[in-house]
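Side-chain atoms are counted along with the backbone in the values below, which use heavy atoms only and exclude waters and symmetry mates. Counting starts at 1 for both ligands and their atoms, in listed order. If you read the sequence from its start, that first residue is 1, and numbering goes on from there.
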Amino acid sequence: MKGVLVAFEGIDGSGLSTHVALVSKRLADQGFMVMIGKEPTMGPIGKLIRELLREEEVDQDIMALLFAADRLWHLRRGAGHLPILEALNRGFVVILDRYKHSSIAYQSLKAEESWVEVLNSLAPDPHIVVFIDVPVAVALDRVSRRRERFYYEEARRLTAIKENFYRVLRRAEERGTRVIRVAGVDEGGKERSIEEVQEEIYVRLRAELSRLLR
Ligand code: ADP
Ligand code: TYD
């Protein structure tokens, strides 16, 4: 694999879509060959997932299977762009708005964590994860201003998911993934601006990419 796989992770409303778009543009402007992707995808399985997330109750085992299938689709078939595996073979820096650690953090709310890991074992580990750490209250305030709420967008669930992320990402680090943790609020708990968070992400991600692509 010649390229680099970068995944942005965090709870809903942490700013993943915002920062993936901004950092990708900056890196492309700097001459990096960048491709972006998003999960759930816009492919057939991703569309089904989005419909199910509007329901009152979801079956986490079924969701775990669907998210893993959608991910393989993304890797092997692509979703409106090159399949991720092919892009990596061609040397792209592939930047994803959510990837396998979302499955482990979200679906293990109810599904057995080790089983979710097995379902995702055909998906290569990312080289780098950017984790945007935002308090649940801030995240909920942001998501309340957009489309109707998805199943997971609720305080109790997001609090547990955030804890799951901490644990899962520590384990990923032990397996060799570089984890860039970025605080979404300052020490006093005040929201950091998009520009400030973006600058930190850009500088730290660029340094990791230079190290990996050297
Ligand atoms: P996600 O993809 O993680 O759900 P988005 O990128 O869609 O999150 O961001 C959710 C909302 O929060 C958007 O309206 C975005 O403009 C806003 N937002 C993102 N980052 C910040 C920030 N640092 N400060 C204030 N608002 C932010
Ligand atoms: P989200 O990124 O919010 O999609 P959109 O920007 O289209 O609204 O993802 C939808 C939800 O799916 C979000 O609550 C996180 C959740 N999710 C999982 O539960 N498991 C996964 O593997 C992925 C990729 C997402």
Side-chain angles (χ1 to χ4, degrees), residues 7-24 36-43 45-55 58-75 79-80 84 95-111 113 115-117 119-120 122-123 126 129-162 164-165 168 182-186 189-202:
F8 276 61
E9 298 284 9
I11 57 174
D12 296 77
S14 53
L16 305 179
S17 308
T18 304
H19 289 290
V20 165
L22 291 171
V23 89
S24 303
I36 59 178
K38 167 166 180 45
E39 296 185 5
T41 68
M42 294 301 174
I45 308 166
K47 286 193 183 126
L48 172 60
I49 289 172
R50 254 187 234 97
E51 269 175 44
L52 295 176
L53 288 175
R54 296 199 168 86
E55 309 266 318
V58 304
D59 182 317
Q60 294 295 355
D61 292 334
I62 294 173
M63 294 313 284
L65 288 161
L66 288 175
F67 276 115
D70 186 43
R71 185 156 300 120
L72 275 192
W73 187 282
H74 203 187
L75 286 159
I84 295 172
I95 303 187
L96 300 181
D97 179 344
R98 298 193 178 283
Y99 187 55
K100 63 191 290 187
H101 297 111
S102 275
S103 271
I104 301 164
Y106 280 75
Q107 275 61 65
S108 65
L109 274 183
K110 286 235 177 73
E113 190 168 317
W115 179 69
V116 181
E117 292 239 19
L119 291 183
N120 280 280
L122 293 176
V129 168
V130 177
F131 177 68
I132 308 181
D133 195 344
V134 167
V136 170
V138 171
L140 278 176
D141 183 50
R142 289 183 190 165
V143 299
S144 67
R145 288 182 222 158
R146 64 183 185 198
R147 52 151 168 72
E148 85 270 38
R149 283 199 181 193
F150 276 168
Y151 174 77
Y152 301 106
E153 294 170 356
E154 185 253 303
R156 205 168 29 90
R157 292 190 184 119
L158 287 185
T159 303
I161 291 163
K162 197 152 111 95
N164 288 348
F165 266 127
V168 164
V182 181
V185 294
D186 64 21
K190 192 169 150 296
E191 249 180 303
R192 296 173 73 199
S193 70
I194 293 179
E195 294 69 27
E196 198 188 337
V197 173
Q198 173 58 204
E199 187 59 24
E200 180 179 344
I201 291 174
Y202 174 71

Any atoms of ligand 1 less than 4.0 Å from a non-hydrogen atom of E191? List them with their elements. 24 (N), 25 (C), 26 (N)

To the nearest 0.5 angstrom, please state how far the CG atom of L75 sits from the CD1 atom of I84. 4.5 Å

Write out the residue and atom name of the closest protein heavy atom to atom 9 (O) of ligand 2, then the distance separating them to 0.1 Å. P40 CD, 3.4 Å

Considering only protein heavy atoms, which is closest to atom 22 (O) of ligand 2, and at what distance to one decimal place? S103 OG, 2.7 Å

One should read off an interatomic distance between D70 CG and I49 CD1, to the nearest 0.5 angstrom, of 4.0 Å

Please report which non-hydrogen protein atom sits nearest to atom 16 (O) of ligand 1, along with the residue it belongs to and the distance in Å to one decimal place. I194 CD1, 3.9 Å

Run the numbers on Y152 and L53 for side chain to side chain contact (heavy atoms under 4.5 Å, CB included), then give the verdict. CA-CA 8 Å; Y152 301 106; L53 288 175; 3.4 Å; yes

Which ligand 2 atoms are under 4.0 Å away from a heavy-atom of K38? 1 (P), 2 (O), 4 (O), 5 (P), 6 (O), 7 (O)

Should one rank D97, L53, L109 by closest heavy-atom distance to atom 11 (C) of ligand 2, which comes out on top? L53

for atom 7 (O) of ligand 2, nearest protein heavy atom and its distance come out as R50 NE, 3.3 Å

Residue, atom name and distance, where the atom is the protein heavy atom closest to atom 8 (O) of ligand 2: R147 NH2, 2.4 Å

Of the protein's non-hydrogen atoms, which lies at the shortest distance from atom 10 (C) of ligand 1, and what is that distance? R146 NH1, 4.0 Å

Judging by distance only, is a nitrogen or oxygen of S17 under 3.5 angstrom from one on ligand 1? yes

For ligand 1, is there an atom lying under 4.0 Å from some heavy atom of G10? no

Taking only non-hydrogen atoms of R71 and a 4.0 Å limit, the atoms of ligand 2 in range are 21 (C), 22 (O), 24 (C)

Of the backbone atoms (N, CA, C, O) and the side-chain heavy atoms from C-beta on, which set of E39 has a member under 4.0 Å from an atom of ligand 2: side chain, backbone, both, or neither? both

Any idea which heavy atoms bring T41 and R50 closest together, and the distance? O-NH2, 3.3 Å

Find the distance between CG (L52) and CG (D59) and round it off to the nearest 0.5 Å. 10.0 Å

Would you give the length of the straight line joining atom CG of L16 to atom CZ of F131, rounded to the nearest 0.5 angstrom? 9.0 Å

Please list the nearest protein heavy atom to atom 14 (O) of ligand 2 with its residue and the distance rounded to 0.1 Å. D12 OD2, 2.7 Å

Presence of salt bridge, D133 and K162, under 4.0 angstrom: yes

Only heavy atoms of T18, strictly under 4.0 Å: list the atoms of ligand 1 that pass. 5 (P), 6 (O), 9 (O), 15 (C), 19 (C)

Near G15 (heavy-atom distance under 4.0 Å), the atoms of ligand 1 are 1 (P), 3 (O), 5 (P), 6 (O), 8 (O), 9 (O), 19 (C)

Residue pair I194, L22: steps toward the side chain to side chain contact (heavy atoms under 4.5 Å, CB included) verdict: CA-CA 10 Å; I194 293 179; L22 291 171; 3.7 Å; yes

Identify, by atom number and element, the atoms of ligand 2 in contact range of F150, meaning under 4.0 Å from any of its heavy atoms. 8 (O), 10 (C)

Evaluate the 4.0 Å heavy atom contact test for atom 24 (N) of ligand 1: does a protein atom fall under the cut-off? yes

Within the structure, is a non-hydrogen atom of R145 found at a distance of less than 4.0 Å from ligand 1? no

For ligand 1, which atoms have a heavy atom of S193 less than 4.0 angstrom away? 23 (N)

Looking only at heavy atoms, is any part of M63 under 4.0 Å from ligand 2, and if so is it the side chain, the backbone, or both, or is it neither? neither

Would you mind running through ligand 1 and noting each atom that sits below 4.0 Å from a heavy atom of R192? 22 (C), 23 (N), 24 (N)

Write out the residue and atom name of the closest protein heavy atom to atom 19 (O) of ligand 2, then the distance separating them to 0.1 Å. Q107 NE2, 2.9 Å

Residue pair P126 / K100: nearest heavy atoms and the distance that separates them: CD-CD, 4.3 Å

Ligand 2 contact on D70 by region, counting heavy-atom pairs under 4.0 Å: neither

Heteroatom proximity flag, E153 to ligand 2, N/O under 3.5 Å: no

Using a strict 4.0 Å threshold on nitrogen-to-oxygen distance, state whether R149 and E154 make a salt bridge. no

Which distance, rounded to the nearest 0.5 Å, do you find between the OG of S108 and the CH2 of W115? 12.0 Å

State the CD1-CZ distance between I161 and R156, to the nearest 0.5 angstrom. 10.5 Å

I would like to know whether H19 and V130 meet side chain to side chain contact (heavy atoms under 4.5 Å, CB included); could you show each step before the answer? CA-CA 10 Å; H19 289 290; V130 177; over 6 Å; no

Return the minimal non-hydrogen interatomic distance between M42 and A79, and the atom names on each side. N-CB, 4.3 Å

Proximity to ligand 2 by part of K100, non-hydrogen separation under 4.0 Å: neither

Can you give me the closest heavy-atom contact between A7 and Y99, atom names plus distance? CB-CB, 3.7 Å

Tell me which protein heavy atom sits closest to atom 18 (C) of ligand 2, plus the residue, atom name and distance to 0.1 Å. F67 CZ, 3.2 Å

So, regarding G13 and ligand 1 (criterion: nitrogen or oxygen to nitrogen or oxygen, under 3.5 Å), is there a contact or not? yes

For A105, is there any backbone N or O sitting under 3.5 Å from a side-chain donor or acceptor partner on N164? yes

Give me the nearest non-hydrogen protein atom to atom 17 (C) of ligand 1 as residue plus atom name, then the distance to 0.1 Å. R142 CD, 4.0 Å

Only residue of R98, E117, R71 satisfying side-chain contact (heavy atoms from CB on, under 4.5 Å) with S103 is R71

